[in-house]
Structure formats: structure tokens, C-alpha cells
Amino acid sequence: MVKFKNDFAWGVSTAAHQIEGAWNEGGKGESIWDCFAQASGNIANNDTADIACDHYHCWLEDIALMKELGVNAYRFSIAWPRIFPDGNGRPNEEGARFYDQLIDGLLDAGIVPWVTLYHWDLPLALHKRYGGWLSPRIVNDFSAYADYCFDRYGDRVKNWITMNEPWCSCVLGYGMGVHAPGHQSCTEPWIAGHYILLAHARAVECYRNKFKTRQQGRIGISLNCDWREPYTASPDDQSAAELSLEFMLGWFADPLWNGDYPESMKVRLGEALPRFSTEEKSLLKGSSDFFGLNHYSSCWIRAVEQGGENRTGNSGIFGTKEVEIVRMDDRPANALGWAVVPEGLRKLLCWIDARYGRPAVYITETGTALMADDVATAVDDPERSAFIGDYLAEARKACAAGVDLCGWFVWTLLDNFEWSEGYRIRFGLVHVDFGTGVRTPKKSFHDYRNLIQSNGNATSRMVR
Ligand code: PNW
């Protein structure tokens with residue numbers, strides 16, 4: 001059986017807005033997510049992330065938990081408005097110092113930091129000033145923020161991720177309006193995506209030109225995609241499934257690995273899809289040192305007959321009515337209704353491997369959400385252990401087929417603020433009581449620890 005590499009990254013992922021709390025402490029500015037969650041009616045139960053896991057104050061305890069878990073890597077994000085409360089201009093020393101402490105604490109615990117620069121908490125000031133991701137002005141501001149982070153933390157941080165899941169920012173934030181900034185538009189997602197890609201490329205250019213030689217790190221991006229299985233073997237359903245993968249993953253990955261948007265998108269979106277100049281194309285192409293993949297679920301895709309009905313839903317295809325998403329309702333679903341389909345990960349990894357020329361892949365998020373009313377129920381989570389074990393087993397098969405898988409980050413360490421779902425559902429390996437802040441490791445925490453200790457080979461011992 002194929003073994004995972006000796007230097008395989010075993011980690012957990014988190015995001016600043018979902019765990020830190022302290023939304024207005026230490027000189028932090030507001031983010032679009034602070035504003036969105038504080039407005040009534042946007043989040044389940046009107047929950048906010050004002051306190052969340054209070055990680056801003058409990059970070060030492062959280063590092064101790066990770067040490068106990070045995071991870072060798074931790075992916076977290078920096079809150080841009082903690083460093084630049086106004087989006088740009090003068091940095092906030094107190095905010096910057098928080099991440100100095102966190103990084104030093106991780107290194108002391110033998111845990112390699114993986115830093116995401118943008119996990120959705122855009123400084124509200126930039127949104128108000130020029131519309132945030134809808135304006136080309138964001139490109140300079142993002143790369144200046146990135147430059148500051150490379151300069152300040154790059155002596156200790158060797159793994160950078162520019163953006164988390166641009167698809168979500170664009171479609172959920174600017175298309176469907178269920179994420180901040182809550183816009184509903186058919187045109188804005190393509191514009192926001194365009195400037196996210198250019199901001200990524202400019203930040204990478206900055207890293208490579210000014211820091212890489214000295215700091216010897218690497219920089220990439222994390223993209224999310226479900227696997228899309230053709231509903232039937234018919235050629236129409238097969239090409240519909242391919243089209244939906246191009247619209248979800250190819251939208252961002254094609255420019256970064258191949259230098260431009262997929263032809264299928266250019267043809268269908270016409271003028272609505274901005275175009276890259278020749279210079280921009282060469283800046284984009286090859287601008288990710290690795291392929292960060294966030295993967296949770298799968299669905300079927302069916303071609304829609306001309307004039308037929310089509311739905312666009314959660315993880316739906318945005319921008320064309322030619323395809324319909326059909327839930328895999330013969331599979332178990334998690335608390336969000338996402339189907340648990342381990343082999344979808346293998347198929348997606350093979351699709352990426354073939355289309356992008358065998359990139360080094362890190363699973364930068366994968367995991368599952370459960371519902372639980374009390375801590376006793378929450379810690380008894382064999383479904384989560386099984387999810388991790390089964391998805392990992394399929395990833396191993398992908399490695400046997402040649403995929404260059406280099407790391408695995410479970411989403412997530414702590415139960416946390418799950419965006420529009422608030423605290424209703426729980427993704428953590430560790431239960432958090434949001435009344436008291438008390439952390440309690442779940443069974444899956446111990447199972448994941450065993451898995452890591454055997455470098456992924458203990459899969460068969462996972463609870464079923
Ligand atoms: C990702 N969808 O979000 C994020 O990177 C995490 O912050 C988040 O907590 C995790 O996955 C679990 O949801 C997503 O609707 C949110 O398709 C929504 C969707 C996908 C990913």
C-alpha cells in the first residue's frame with residue numbers, strides 16, 4: 001500500500017473571524033463580516049462572532065490542545081483589519097503583535113505555521129471606500145498588506161496562502177448574498193473574482209521578488225470544490241459535469257496554472273467576464289507553488305434540456321442554466337445537508353492532477369459538521385472519525401494513481417462561528433461551550449491523533 005510521505009503535513013485549519021472574537025479589541029478595525037453578522041437577520045439565531053471561541057485571549061490553551069493532538073502544522077488566518085484597521089496606511093502594532101506571539105508559541109510547540117492572508121474578513125473601510133473586491137484599487141491594498149506580513153512574519157512563517165476559497169467570496173458574498181457583504185448580483189461575482197485573482201498574483205510577485213530568496217518559503221492559494229459526478233453516463237451529463245467543474249474550480253485554477261479563464265466560461269459569460277491582459281496572464285500563470293484544496297462533498301450534475309428548469313443552490317453552479325445539481329440523497333448527509341462521499345475526493349484529486357499537470361496538493365480543509373445539544377452528545381462523534389478515515393483512504397488511492405499529495409488539514413480544531421449558520425452546527429475536533437469558553441476534546445480528536453502518529457496508516461482502526 002502507498003505510504004504518505006515522511007514529511008507529510010498533518011494539521012488542522014481555522015480562520016480568524018470564526019475563532020478569535022475580540023472584534024473591537026487591541027485597535028482592530030471592523031471587517032465586512034463584523035458588520036454583516038451584527039446586522040439582524042443575516043445569521044442563524046442572529047449569532048455574531050464578537051466573542052466566538054475567544055481565541056484572541058485563549059491562544060496559549062489552543063496551542064496546548066494542538067500539541068496534545070500531535071499535529072505538525074497549523075493553518076490559521078490573519079485578520080487584515082487587525083493589522084490595518086483602516087484597510088491601508090498605518091499598521092496597528094498591537095494587532096500585529098498578537099500574531100507574533102501566536103507564531104512564536106506554535107514554533108515553541110514544534111508546530112509549523114501555515115498562514116492564510118485572506119479568509120473573508122475584508123476591512124470594512126475598504127468596502128465603504130471603493131466597494132472592496134469590486135474595485136481594481138483593492139489589488140494595491142492587498143499586496144501592501146501581504147508585503148507587511150511577509151516582512152514582519154516571514155522569518156518564521158514559510159508557508160503562505162493568499163486567499164481562502166475565492167469561489168465562496170464571489171458567489172456566496174456577491175452573488176447569492178448569504179455571506180458578507182451580502183450582495184445579490186449576476187455580474188459582481190465575476191468582477192470580484194477577477195480582482196481576487198490579480199491581488200493574489202501581485203502578492204505572490206511581491207513575495208518572490210522581495211522575500212523568497214532570503215526567507216525560503218512558498219506561497220499558494222486554497223480553492224474549494226465539490227466533486228461533480230455525471231448523473232448518468234450520457235454524453236450530455238458528462239459534459240455538464242465537466243462544465244460545472246470548470247465553472248467552480250477552473251474559474252480560479254485555470255488562470256493560475258494555465259494563464260486564463262476556461263474557454264467554456266469566456267464563451268458563456270461574454271462581456272460579463274473581465275479579460276486579462278497579456279501581462280496579467282503571465283503574472284498569473286505559475287503563481288501558486290502548490291494547490292491548496294478544500295473539499296467536503298459531492299453532488300450529481302445533470303444536463304438541463306433547453307427551456308427546462310434549473311436550480312442553483314448551496315455549492316451550486318453560478319452563471320449558466322445548462323446544468324442542474326442533484327443531491328446525492330442515497331448518501332449520509334452532515335448537519336448542513338452535505339453528502340458524505342469519500343470517493344469524490346479521489347476523483348477530484350485525479351481531475352486536478354490531470355488538468356493542472358501534477359501539482360503538489362495540500363488538502364487545506366476537510367471535515368464534517370454535526371449537531372449536538374450538549375457536550376456529552378458532541379464528544380461522541382464516530383461519524384467525524386469515520387469521515388476523516390474514509391476520505392483519507394480514498395486520498396491514499398489517489399496517491400497510488402500518482403497524485404502528489406503532501407498534506408492534510410482537518411477543518412477544524414474548535415467548534416466555531418460557522419458563517420451564516422452561526423453556532424448551530426459543530427465542525428470541531430474539540431467541543432467549545434460558547435457560554436463558558438470551556439474546551440473538551442471529542443473522540444475524533446483522539447482518533448485523529450492516532451492517525452497522525454501512524455502517519456496515516458491507522459485508518460483501519462478508526463471507529464465505524
Ligand atoms: C469553508 N458552501 O466554507 C470555509 O473555508 C470555512 O471557513 C468553513 O467553516 C468551512 O468551509 C465549512 O463550511 C464554506 O456553501 C462555506 O458551498 C460554504 C460553502 C463551502 C465552503
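The analysis underlying the following values was restricted to heavy atoms, covering all of them including side chains, and did not include hydrogens, waters or symmetry mates. In each ligand, atom 1 is the first atom listed, and ligand 1 is the first ligand listed. We're numbering straight along the sequence, starting at 1. This structure is a prediction, so every number in the text was calculated from the model and none was measured.
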Taking every non-hydrogen atom, the tightest pair across Trp227 and Gly344: CB-O, 3.4 Å

Location of contacts on Cys168 toward ligand 1, heavy atoms closer than 4.0 Å: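 Looking at Cys168 and ligand 1, just side chain atoms fall under 4.0 Å.
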
Part of Asp226 with heavy atoms under 4.0 Å of ligand 1, whether side chain, backbone, both or neither: neither

Counting heavy atoms only, name the option from [options] that's nearest to [atom].
| atom | options | result |
| --- | --- | --- |
| atom 19 (C) of ligand 1 | Trp338, Phe427, Tyr296 | Trp338 |
| atom 5 (O) of ligand 1 | Glu365, His17, His295 | Glu365 |
| atom 16 (C) of ligand 1 | Trp411, Trp120, Trp167 | Trp120 |

Pairing residues for Pro123 by the side chain to side chain contact (heavy atoms under 4.5 Å, CB included) criterion, not counting sequence neighbours: Trp80, Pro81, Leu126

Within-shell test, Leu172 vs ligand 1, heavy atom, strictly < 4.0 Å: yes

Test: Arg152 and Asp147 ion pair at under 4.0 Å: no

Contacting atoms of ligand 1, where contact means under 4.0 angstrom from a heavy atom of His119: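 Result: 4 (C), 5 (O), 6 (C), 7 (O).
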
Cation-pi check, Arg82 onto Tyr56 ring (under 6.0 Å, within 45° of axis):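 Output yes; distance and angle both within limits.
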
Qualifying salt bridge (charged side-chain N to carboxylate O under 4.0 Å, His left out) pairs with a residue from residues 417-430, counting only residues at least two apart or across chains: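 Every salt bridge (charged side-chain N to carboxylate O under 4.0 Å, His left out) pair that includes a residue of residues 417-430, provided the two are not neighbours, is Asp415-Arg426, Glu421-Arg424.
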
Ring centre gap for Phe36 and His179 strictly below 6.0 Å: no

